[in-house]
Amino acid sequence: MAVPHSEPRSSEHGSGFIDKYVFSVDHKVIGLQYFFTSCFFLIVGFAMIMLLRWQLAFPGQPLPLIGRLLPMTWAPDGILMPEFYNQLGAMHGTIMVFLGIVPLGVGAFGNYILPLQIGAPDMAFPRLNMMSYWLYLPGGMLMLLSFVLPGGAAQSGWTSYAPLAIVNPGQTVWLLAMVVIITSSLLGAVNFIVTTLNMRAAGLTLGRLPIFVWAQLVTAILLLLAFPPLEAAAVLQLMDRIAGTSFYLPAGLVVAGESLKVAGGGQPLLWQHLFWFLAHPEVYVLILPSMGIVAEIIANGTRKPIFGYTEIVASMIFIGAMSFIVWAHHMFLSGMSPRLSNFFLVTTMIISVPSVAVLTCLVWSLKGGSIRFTTPMLFSLAFLPLFGIGGLTGLPLGLTVTDIYLHDTYYVIGHFHYVVVTGTIIALMGGTYYWFPKWFGKQLNDFWGKIHFWGTAICMNGIFFPMFIQGLAGVQRRLYDPTAQLHNLSTQPLNVVSSVSAWLLFLFQIPFLVNIVYTIFKGKRCEENPWRATTLEWACASPPPHGNFERPPRVYRGPYEYSTPRAREDWTPQHVPS
Amino acid sequence: MSSAADTARHQPNIPLYLGIFGALLVLTVVTVLVSYFHLPRLPAILIGLSIAAFKASLVGAFFMHLKGEKALIFALLGATFFFVALLFLLPFLDSRAISEQQVTYSGEKAASTGHAHVP
Amino acid sequence: MKGNYGWGLPVAASTFAGPIDFGIKLIHAAMFAIFILWAIFFAYLLLRYRRREGRSAQAGYESPLKSLIPDFFVLVFEIALIVFYAIPNWHRIKIAGPSPDTALVVELVAEQFAWNFQYPGPDGKFGRRDVQFIEPANPIGLDPQDPAGKDDITTVNELHVPLGKPTILNMSSKDVIHSFFVPEFRVKQDIVPGMKISLWFEPTLAGRFEIGCAQLCGVAHSMMRGDAYVHTPSEYEAWLKAQSGQAPATTAANAATGNSNGSSTF
Amino acid sequence: MTTPAAAPYPSEHVPTTGIPNGKLGVWLFLASEVMLFATLFTTYIVLRMAAPSWPAGWEVLNVPLATLNTVVLITSSVTMVLAYAKACERDRAGFYRMIGLTIALGFAFLVVKAFEYGAKFHHGHFPSTDIFYAVYFTMTGLHGLHVIGGIGFNVYLALWAREHWEHPLFIGRVEYGGLYWHFVDIVWIFLFPGLYLL
């Protein structure tokens, strides 16, 4: 029974190094390319915030050691300039969201694991898959290049609010790079949806799909339908900056003394509406793949089927649909009409329910299991409470009245970092430890894995928990020098705590990186399915050859058939005939 | 797959396409003629957009073979238009507030709700 | 000034502080309760079902509805918050404000890195502002010929309001989006160029409170601060007379006649 | 599934949507394009509703020229579907005639558009002149870029047909090129009354 795919296998798969590793159309190679490139961007984004945190902890003091290395325009004799500070802040946000986590969660894990989990030989459109990576990389490089181009990098926050983003230098290259990155994500999304719908193995009905595949499907639909509005808005802002139009500029602006010669008639709020129309589905794009990864690891680690499979999948689909109706809770205080805020208040509270439902089902899955505290399980178990804190702290921000005080303060930064850093990134790290044997046939060292886990978990909390206290004290976000304002002085020591934790967090990543590099080259080969997992990606060799499965697999049961009564072993893989 | 798809493909029907071509041309002429009457804003919008929607449905149904297409494509288009409706929600949600608060620098109300010179 | 801030919420100095602080405390109490209960259950599960020799996992089937009970309570709590707390207070704070004749109306023109306040002065009418008159000495572009503007008082980075009477700020911006934020008054509202947005508050405590900008507005966003002086009515009259005595030119750093308990004009 | 007695699913059933990958992929891409142009239309409506005065399209723009352009694009849509019909009937000459016509009409559309833009620039109307022209130039410009993309794909189809006439995927690819081209025509069908006639 040939697996149905209309593209004839690209038989002329090149054998040379270039075809095999650089311009490869094999989803596994592209997955790894995405993995290493997004890790690079995550480190670059992290390095930026470590620079920025020095200025927050010790405002105005020269940077030790590397201070003199920075060029004069950025940090004259080691003291960060405010323009450079804003550039670091804006690019940290952009790089981490658009170049780091989405390519890692969707590009790397999605590209590698999804076709294996549905028993497909490759993606539906291999060349399109390659093209999406080779649009992502130049887009990322262009984003980094913007630091050295005239005008410097973008410096109006990753949200690039008009009119500041049109008046400030540096935004043009950011907009161009964004359009390239968005196109790359769109192509990837088309590929994922067609592959998931059309190229599943025989017997793999929708009800038997692993939760990771469901998460990637919903994410791909969100990417497909939410990204184009930002692309259109970015084109409009590009026209504002280059062609002198005024989509987002009202008439009669006076900037730095002289009035802006602009036709006017535009509206700054229009950009915010279009940006958040994308950005809220985008933040769900950040969290959904991680929920999928955590569900996989917990099912495997507790040797028990996931509790409430249908509830989790239904919640993910509901989150996907609702995420398009909540965008304006970012704009309660932005000058939007207050009556509108009541509407978005209600939709925001509605969307918090499915997230709680997913978390509850994941915690309930531990009941009756036999929990193994392997490294991936440690990360997945830590995901549950920490993502819980992220979700809970969203409550006062989602409520219009308390948002009056907490909007645009460090409370907001604490909230979304608890969701993204101690939620998504911890889950992605767990996923790396879990699927590393599948990618390289070798298992990451468990001892160093645990050190990496405890160090990361503690330092992450050290960075972000003080931000809640600062937020309650009213410290605004994106301040170059918090001590310039009196009401921030009382919580200034907390900045030092956060900064030191951030630098320590970087130190704890070194064992992780060394562990990866060492294991790839010197690690000893481990067995094909070290975790004894039942999902389909473990049905082929690790790392799988081109074309993945010798014989197209057939699926006989659900994805998490662990400890089924009367079974010889405590796991029965999907592809084994009963 | 390709052999199975041959039979399932939509059989072309050239006379039908030419008929649709004629209908589209007629509708284009109609929509331009209607505009010469300079109707007031609301009816002009309703008539203009309904003609355009009808033309679009002709192109979609026959040229893009949506007629007789699988249900999944309609599900996809339905989801897309649901989100387009949300996007179109934007101007109506905020329009009164925007125009009401629109001011010139010196504070006079800049926005008059209607058009300055609707014929 | 120093006494106003600590690690928790700053001192409550306006009528909004009551409801907003109540909301923040209530939600945080609920969050701690949910998190503690939840963490205990989580720890229990980890201990009770950790891997042990001779005991393997049971894949017994439990109806997932049981797990949705805690979610149901969270939803009920949220609906109660919306209906009884958020919508009424939001209406009171942002939609229904005092009428201009019973409140002090002040015009605020925010610009890159300064707050310009314009008071109507004794005649109660604001002078016209226009872009062409803007120059360093006249930051808000007050029209010199306009008679109503003759007695207007303009101050930079200093807002003087009387106690016991609500103040309405009609806010607009010259260049980019700023955000008027006074932690003690618990007020925050973005100021969008090209739009006139009003904000009202009623101070309940005399003293000097800090105005900050909460929306990234450029290079010196963190330097954009000001002071809100709340005077007792008598002091306020004294301040008004002192201001109208001088020419209506901008009074950059006027002598704070009020009993500013701050140590220095920071 | 965690349901107690999982009913044995037939394992022979190959769960695919029955829609060829290419068609599903093109329709998904068109969905994202619909969202792109929907955003531009939303921007147009928001700016028009909030603007103090907005010139009516027929006062400022050249309606007869735009009508000609509409007819050109509709005709190219027809020749595109006829090219698909000829490909199905395996009539190679007919296919080349029709795909050639489609490409020619595409170029005609761009020429008329360039002429229209030229007239506007000549009269000193640029995107920066006022908000109406900004919206006009941006929307028609982005649509024009999509027309150029469409022409490019049609040219690729014509060249690809020379050796791959018998390729199993050829007819499907012509259909998918047609889907995209009809979509570009539908966008113009809405753009024409929206900008020019209201």
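Chain letters run A, B, ... following the sequence lines, proteins first and then strands; every chain starts at 1.
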Between [X] and chain C, with a heavy-atom cut-off of 4.5 Å, which part of the residue counts as in contact: side chain, backbone, both or neither?
{"X": "Leu392(A)", "value": "both"}
{"X": "Gln272(A)", "value": "side chain"}
{"X": "Phe332(A)", "value": "both"}
{"X": "Tyr248(A)", "value": "neither"}
{"X": "Tyr161(A)", "value": "side chain"}
{"X": "Leu494(A)", "value": "side chain"}
{"X": "Thr302(A)", "value": "backbone"}

Heavy atoms, side chains only, cut-off 4.5 Å: are [X] and [Y] in contact?
{"X": "Ile93(C)", "Y": "Val401(A)", "result": "yes"}
{"X": "Pro10(C)", "Y": "His487(A)", "result": "no"}
{"X": "Leu406(A)", "Y": "Lys188(C)", "result": "no"}
{"X": "Leu359(A)", "Y": "Trp38(C)", "result": "yes"}
{"X": "Leu253(A)", "Y": "Lys174(C)", "result": "no"}
{"X": "Cys217(C)", "Y": "Leu164(A)", "result": "no"}
{"X": "Leu216(C)", "Y": "Gln155(A)", "result": "no"}
{"X": "Met31(C)", "Y": "Pro396(A)", "result": "yes"}

Heavy-atom distance under 4.5 Å to chain A: side chain of [X], backbone, both or neither?
{"X": "Phe77(C)", "value": "side chain"}
{"X": "Ala39(C)", "value": "neither"}
{"X": "His91(C)", "value": "neither"}
{"X": "Gln215(C)", "value": "both"}
{"X": "Pro193(C)", "value": "both"}
{"X": "Ile27(C)", "value": "side chain"}
{"X": "Ile34(C)", "value": "side chain"}
{"X": "Met171(C)", "value": "neither"}
{"X": "Leu45(C)", "value": "both"}
{"X": "Val219(C)", "value": "both"}
{"X": "Gln189(C)", "value": "both"}
{"X": "Phe181(C)", "value": "side chain"}

Could you tell me which non-hydrogen atom of [X] sits nearest to which non-hydrogen atom of [Y], and how far apart they are?
{"X": "Pro70(C)", "Y": "Thr360(A)", "result": "CG-CG2, 4.1 Å"}
{"X": "Met223(C)", "Y": "Ala484(A)", "result": "SD-CB, 3.9 Å"}
{"X": "Pro183(C)", "Y": "Tyr405(A)", "result": "O-CE1, 3.7 Å"}
{"X": "Ile177(C)", "Y": "Ala162(A)", "result": "CD1-O, 3.3 Å"}
{"X": "Val176(C)", "Y": "Pro163(A)", "result": "CA-CG, 3.8 Å"}
{"X": "Arg477(A)", "Y": "His221(C)", "result": "O-NE2, 3.6 Å"}

Between chain C and each of [options], count heavy-atom pairs under 4.5 Å; write down the option with the most.
{"options": "Ile166(A), Val353(A), Ile389(A), Leu479(A)", "answer": "Leu479(A)"}
{"options": "Asp481(A), Val346(A), Val255(A), Thr393(A)", "answer": "Asp481(A)"}
{"options": "Ser156(A), Gly368(A), Gly301(A), Gly388(A)", "answer": "Gly368(A)"}
{"options": "Leu260(A), Leu381(A), Thr491(A)", "answer": "Leu381(A)"}
{"options": "Asn488(A), Leu384(A), Thr159(A)", "answer": "Leu384(A)"}
{"options": "Gly369(A), Pro82(A), Pro565(A)", "answer": "Gly369(A)"}

If you count heavy-atom pairs under 4.5 Å with chain A, which of [options] comes out on top?
{"options": "Asp175(C), Ile95(C), Ile24(C)", "value": "Asp175(C)"}
{"options": "Pro19(C), Ala86(C), Ala220(C)", "value": "Ala86(C)"}
{"options": "Ser179(C), Ala30(C), Cys213(C)", "value": "Cys213(C)"}
{"options": "Glu111(C), Met224(C), Arg55(C), Glu135(C)", "value": "Arg55(C)"}
{"options": "Asn89(C), Ile82(C), Val192(C)", "value": "Ile82(C)"}

Quiz item: Should we say atom CZ of Phe72(C) is surrounded by more than 12 heavy atoms from elsewhere, each under 6.0 Å from it?
Solution: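 Counting other residues, nucleotides and ligands, CZ of Phe72(C) stays at 12 neighbours or fewer.
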
Quiz prompt | Residues Leu395(A), Glu78(C); criterion side chain to side chain contact (heavy atoms under 4.5 Å, CB included); working and verdict | solution = CA-CA 9 Å; Leu395(A) 215 55; Glu78(C) 275 171 11; 3.3 Å; yes

Can you tell me how far apart [atom1] ([X]) and [atom2] ([Y]) are? Round to the nearest 0.5 Å.
{"X": "Trp7(C)", "Y": "Ile469(A)", "atom1": "CH2", "atom2": "CD1", "result": "5.5 Å"}
{"X": "Arg48(C)", "Y": "Ile371(A)", "atom1": "CZ", "atom2": "CD1", "result": "10.5 Å"}
{"X": "Phe42(C)", "Y": "Leu362(A)", "atom1": "CZ", "atom2": "CG", "result": "10.5 Å"}
{"X": "Trp90(C)", "Y": "Ile404(A)", "atom1": "CH2", "atom2": "CD1", "result": "5.0 Å"}
{"X": "Ile87(C)", "Y": "Thr400(A)", "atom1": "CD1", "atom2": "OG1", "result": "7.5 Å"}
{"X": "Arg51(C)", "Y": "Thr374(A)", "atom1": "CZ", "atom2": "OG1", "result": "9.5 Å"}

Quiz item: Between the side chains of Gln485(A) and Ser222(C), does any donor sit under 3.5 Å from an acceptor?
Solution: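 Absent: no donor and acceptor within the cut-off.
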
Self-check item: Under 3.5 Å side-chain donor-acceptor pair for Asp570(A) and Ser56(C)
Solution: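 Not at all, the side chains of Asp570(A) and Ser56(C) share no donor-acceptor pair under 3.5 Å.
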
Quiz prompt | Trp364(A) and Phe41(C) aromatic ring geometry - parallel, tilted or perpendicular at 30°/60° bounds | solution =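 Rings of Phe41(C) and Trp364(A): tilted, as their planes differ by 30° to 60°.
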
Practice problem: Using the side chain to side chain contact (heavy atoms under 4.5 Å, CB included) rule, take Leu472(A) and His28(C) through it: C-alpha gap first, then chi angles, then the decisive distance, then the call. | Solution: CA-CA 11 Å; Leu472(A) 286 171; His28(C) 278 81; 4.1 Å; yes

